[in-house]
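Below is one structure, written out as structure tokens; comments come after it.
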Amino acid sequence: MGSEVSAVAVRHLSENDDGDGSSGGDEWRRCRVFETEAIAIARAKHPNVVHLLAYYYAPDERLLIYEYIPNVSLYAALHGADPEF
């Protein structure tokens with residue numbers, strides 16, 4: 001695989017992040033919708049987008065696991081250093 005990741009960022013999605021407006025319903029369908037959307041996010045390749053490394057689905061919890069980017073300026077994250085002003 002690619003380079004090793006030493007830290008990750010985890011986003012916990014709430015029920016409000018479901019996207020289809022349903023609070024119950026067919027759990028299998030909800031899982032498939034989440035999986036399809038997570039795969040689409042993971043396929044996005046752009047230098048300004050943090051890579052999705054993994055996802056997790058359970059009826060009571062949904063997680064997206066991204067590569068961690070330290071708290072630096074956007075310029076530094078994209079180019080390696082802040083310009084001197």
Side-chain angles (χ1 to χ4, degrees):
M1 209 158 151
S3 62
E4 285 192 37
V5 176
S6 59
V8 297
V10 178
R11 179 173 180 204
H12 179 266
L13 301 174
S14 69
E15 284 300 315
N16 293 336
D17 292 331
D18 199 11
D20 67 359
S22 64
S23 58
D26 184 8
E27 195 61 43
W28 180 87
R29 184 189 58 78
R30 293 176 72 206
C31 178
R32 294 293 297 163
V33 168
F34 174 78
E35 183 178 61
T36 300
E37 292 176 357
I39 290 169
I41 292 169
R43 287 184 178 152
K45 303 296 182 208
H46 191 277
N48 298 348
V49 176
V50 179
H51 296 125
L52 180 68
L53 301 172
Y55 60 90
Y56 172 79
Y57 181 89
D60 60 341
E61 184 169 51
R62 289 170 295 166
L63 305 174
L64 297 174
I65 298 97
Y66 292 95
E67 71 181 301
Y68 175 76
I69 304 249
N71 189 16
V72 296
S73 72
L74 179 59
Y75 184 92
L78 296 175
H79 304 287
D82 278 322
E84 295 184 29
F85 288 80

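For clarity, every value in this text was computed on a predicted model and none was experimentally measured.
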Which distance, rounded to the nearest 0.5 Å, do you find between the [atom1] of [X] and the [atom2] of [Y]?
| X | Y | atom1 | atom2 | value |
| --- | --- | --- | --- | --- |
| Arg11 | Leu52 | CZ | CG | 11.0 Å |
| Glu37 | Arg32 | CD | CZ | 12.0 Å |
| His51 | Ile41 | NE2 | CD1 | 13.0 Å |
| Tyr55 | Ile65 | OH | CD1 | 10.5 Å |

Hey, does [Y] have a side-chain heavy atom less than 4.5 Å from the side chain of [X]?
| X | Y | answer |
| --- | --- | --- |
| Tyr57 | Arg30 | yes |
| Leu53 | Val8 | yes |
| Leu64 | Phe34 | yes |

Please walk me through it: do Tyr56 and Glu61 pass side-chain hydrogen bond (donor to acceptor under 3.5 Å, both in side chains)? CA-CA 8 Å; Tyr56 172 79; Glu61 184 169 51; 5.0 Å; no

Testing the basics here: between His12 and Leu63, what is the closest heavy-atom pair and its distance to 0.1 Å?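 Answer, listing the atom of His12 first, then Leu63: CD2-CD2, 3.6 Å.
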
